Every structure is written in structure tokens, then in C-alpha cells.
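Have a look at the structure below, then the notes.
A quick note: this is a predicted structure, and the numbers were derived from the prediction, not measured. Just so you know, ligand 1 is whichever comes first in the structure, and atom 1 is the first atom listed for that ligand.
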Amino acid sequence: MYNQVAAKTVEALRQIVGAENVLVGTEEMEPYTHDEVVGLRADPEVVVRVTSAAQVSEVLKLAQRERVPVTPRGAGDGLSGGAVPVQGGIVMTLEKMNRILEIDKQNLMVTVEPGVITGDIHRAVEAEGLFYPPDPASLDSCFIGGNIAEDAGGPRAVKYGVTRDYVCGLEAVLPSGEIITCGGKLVKNVTGYNLIQLLVGSEGTLAVVTRIILRLLPLPKLQVDLLVPYDDFQAAADTVSDIIFHRIVPTTIEFMEQDSILAVERLLEKDLPYDDAAAHLLIQLDGNRQDGIDADLDVVGELCLEHGARDVLVAPDRRTRDRLWEGRRAIVDALNHASPINHLEDVVVPRAEIPALLKGVKAIAGRQGVRIVCFGHAGDGNVHVTVLKDQVRDERWEGLVPAVSEELYRLSLSLGGMITGEHGVGATRRQYLPLALDEAQIAVMRRIKAAFDPNHILNPGKIFP
Ligand SMILES: Cc1cc2nc3c(=O)[nH]c(=O)nc-3n(C[C@H](O)[C@H](O)[C@H](O)COP(=O)(O)OP(=O)(O)OC[C@H]3O[C@@H](n4cnc5c(N)ncnc54)[C@H](O)[C@@H]3O)c2cc1C
């Protein structure tokens, strides 16, 4: 279906982006063979580093003519294989388009290129007293373009929503090479179909995003974080429902099971408080008035203790707060350290179904005879379920991963959930799409893909089974 990248195509790419921005047959290509999915690799035939929308357009036009696939790539932090060139061809990396173009304090908007590290946007706007809430745990390395393509979430989704809630404008290059500009610095806009929201979360399969306008909020003046250990996860989950029932919406409500706490301790080589607890909740409250935040803190603290929390540790300042969060941010790395071969899932259920999900996960672990560790976003129902290979033999592991994934997806769907909350379908979950979506939905999605990309040159082998 696709052609190989010919020598003349490589030469044409050099003409478009400059010879120094074309990698072919060198060791420097290795980082572009994978993202953060353990065990998934594919070699690109050529890597191009683009620096403008015009270059993206020319590369896509060339790829159309030559019928070679193009895989857009951000930082390669993805957890569903989205940036892996499973059909070979060209990897187009956006790493050099990394400028924050404007912080508009009158309109509360920031304009950025796709290769800006998300944490750099946070820091730049916070220096101006402004706030970009989406905060994937990978924020110090992933790019905003990758966040747009995956509709990345993060702990603050409970109160502030996810990436798509902040995107007001996009410049994007269609697979035909046409450059489109959608939206702008607009809080309202109902002019035609909402292509922005179609492109957000489209996993690099519909267009290459080259410029982004994000809505900002005033930076909340006050923040307080609580670490709350429990002997029983059900009690922790009941606390979450009760806090929200009391009309308090924390900024974050994260949970970590004991196995993940112990894995973090081993990685960081330091003790975490209450490491013998069955689960920790990490709750953050923010606001602008000290009396308001104190009142919420009192209610939340009391509710935690009423539900059997062993303690409520409060971190009022940045240093203590960073210490509490260091553990949560290190979990993915810690589990990779504990079992370098593992499989990370990302199911999402209605918040109130988390205890049922966790109970079901433990039953799956028992049935399949494998260690499964859970952590994630208790406040929004998104649970990261990690299956650890440990000492499981290679031959058994091969069959075990799909068996566990399928049981897990069926469990999540039976609870009103979905198969992925923030990591995307990508290459790793595509065969399971029919479990989650009915035929008519998949058929409409395929027609949308064909309308954007009739020759299927952009990021093939993703999303669709
Ligand atoms: C330790 C760790 C923690 C994580 N925590 C979270 C979390 O809390 N929340 C969360 O949502 N995710 C999380 N992730 C997953 C990952 O960070 C996100 O999916 C992130 O959005 C990926 O961005 P990236 O720049 O690395 O994209 P990549 O992995 O490079 O690419 C991801 C997808 O985006 C496409 N793409 C990239 N740039 C563009 C572009 N400019 N135009 C069109 N398509 C493009 C690619 O083709 C690919 O399909 C975590 C990952 C790690 C390793």
C-alpha cells in the first residue's frame, strides 16, 4: 500500500528542511523508534525536523506524491505508541518548533508552537500571574502539540478539565499540505463545525498541529495540599464522593496503592510517610481567599478522618508540597524500575465506580496469577492499572497481557467506563476499539479520517482496528 522512502525523496526532504534536519541511517534515529510504551518499536526510514508550517506542508505534499507514511512526533512521551512509525516512512518531529510566541494579558491567551514543553508554558504564564491548568504528570518533558493530539489530562482535571477545555485556536496542516487556521483568541465561536475539537485528541491522524492558542485563567493565589493515608481503599473512595457531595471540588484527588508507594520509595531511595497504609489520597485545594480555603480545608480534613483516615498531613508551602508530589510524579518510572517489563492501562469509569473497578482488578490479578498495581486520578475516575511481569515467563507474558487487557476493558465498560481516559488508543489499543464503540460510531470515524486523509498517509496503524 505504501512506497519505501526512495533516495530521491530523501534528497527532496533535504531541500525542504535543510540537510542538517534530515536523519537517515544514523544512530541518532534510535530515539525516534519508540515512545514510552514498553516493548513497542519500529524503525523510521527517515526523520525530518521541521521548523515551520510551510515546511510541514511541503513534506506532506511530497509524502502524498510518493505515497509514504508520515508519523508526527512530539517528545515521544506517549503511552499508546502514537508516535511510533509502525508502517515505517517519515517521522516528522516538531521538537524545533518550540517558541512561546505571545502571552496576551488582555485577552488571557497564550500562543505557542507545538514543540514547547508543557511545563515551560506553566512557568512562563505563572510569571505573569496567569494559569494554564492541564498538568500531565509528564509535564516537564512532553510537548503541548502531543498534549493537543492526545487531549492530555492530569491531576487538575477534577476541577479544571483537560487540554481540550483550553484550546481556542489552532493552525494545522492537512495531509494534502493545505494550511488551515481554526478559531483564534475567541472565548465563543460557533462558526461551522468545530474542527478544533475534532483535531484535539485525534492522535496525529488527521492533521499536523503547528500553532496553538490556549485560554488562560488568573493564577489562584493560594494552594494547600494534603496527604491522607488509609488502611482501606474503599474508605478512601468513600471520602472522595463525600467531599464532592459537600460541594467542595478539590483541584486534584490522586490515589496511590501501597505497592506503588513502595515502588517509589525504592526508586527515590527515601522513605515516604505512612508507607504501610493501603492507599494514599493526595488532595489539593486552591482559591484566592485564605478564609475560604481554610474553611474547605477544615471540612475536607474532618471528612477524611470521619471516613477512617489515619492522619491528614497538610503541606502549606511549596517545598513541602513538592515533596508530597515528587512521589506521585515518580510512579510510572518507579514501576518501570520495579519491573522493567510491564503493561500500563488507562481505563476510566464514573468516579463512584472506582471501588468496584479496583475490586474487579484484584480479581483479575488473582485469576491470571499476576501482580497488578493501581494509581491515578480518584477525582475523575481515571485509573492507571499496571500489570508487572516480575518473574512471569516470557511465553506466558505474551498471552497474559492481551488476556488481562481484555478482561479489564470489559470490566470498565460494564461499569459505564471506557478503555482509555487520557493516554489514547494509538497502536496499542486499536484492536479493542470495537469492544468500546459500536459499528456505526467507528464507521463515522473512518469516514472522517478518509475526508481528511484519503490516502491514509498520516500516522497509519493508529486508532482503527
Ligand atoms: C511518566 C509519564 C507520565 C505521564 N502522565 C500523563 C498524564 O498525567 N496525563 C496524560 O494525559 N498523559 C500522560 N502521559 C502520556 C504522555 O505524556 C501524553 O500522552 C503527552 O500528551 C504526549 O506528548 P508528547 O509530546 O510526548 O507526544 P508524542 O508521544 O510524541 O506523540 C503523541 C501523539 O501525538 C501526535 N503528535 C505529536 N505532536 C503532534 C502535532 N504537532 N500535530 C499532530 N500530532 C502530533 C503523535 O503522532 C502521537 O500520535 C505520561 C507519560 C509518561 C511517560
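The backbone N or O of T51 sits less than 3.5 Å from a side-chain atom of Q55, completing a donor-acceptor pair. Using modelled atom types, no side-chain atom of Q223 and backbone atom of Q284 make a donor-acceptor pair closer than 3.5 Å.
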Output, in order, the C-alpha distance, side-chain angles, deciding distance and verdict of salt bridge (Lys or Arg N to Asp or Glu O under 4.0 Å) for R123 and D140. CA-CA 11 Å; R123 284 179 281 277; D140 280 323; 3.2 Å; yes
Can you check salt bridge (Lys or Arg N to Asp or Glu O under 4.0 Å) on E345 and R429, steps first, answer last? CA-CA 9 Å; E345 288 293 352; R429 297 188 181 89; 3.1 Å; yes
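Looking at E254 and H377, their side chains do bring a donor and an acceptor atom within 3.5 Å of each other. No side-chain donor-acceptor contact under 3.5 Å links T205 and N459.
Residues lining ligand 1 at a heavy-atom distance below 4.0 Å are given as E36, P72, R73, G74, A75, G76, D77, G78, L79, G82, A83, L94, P114, P136, A137, S138, C142, F143, G145, G146, N147, A149, E150, A152, G153, E203, G204, A207, V208, V209, V332, E422, H423, N459, ordered by chain and residue number.
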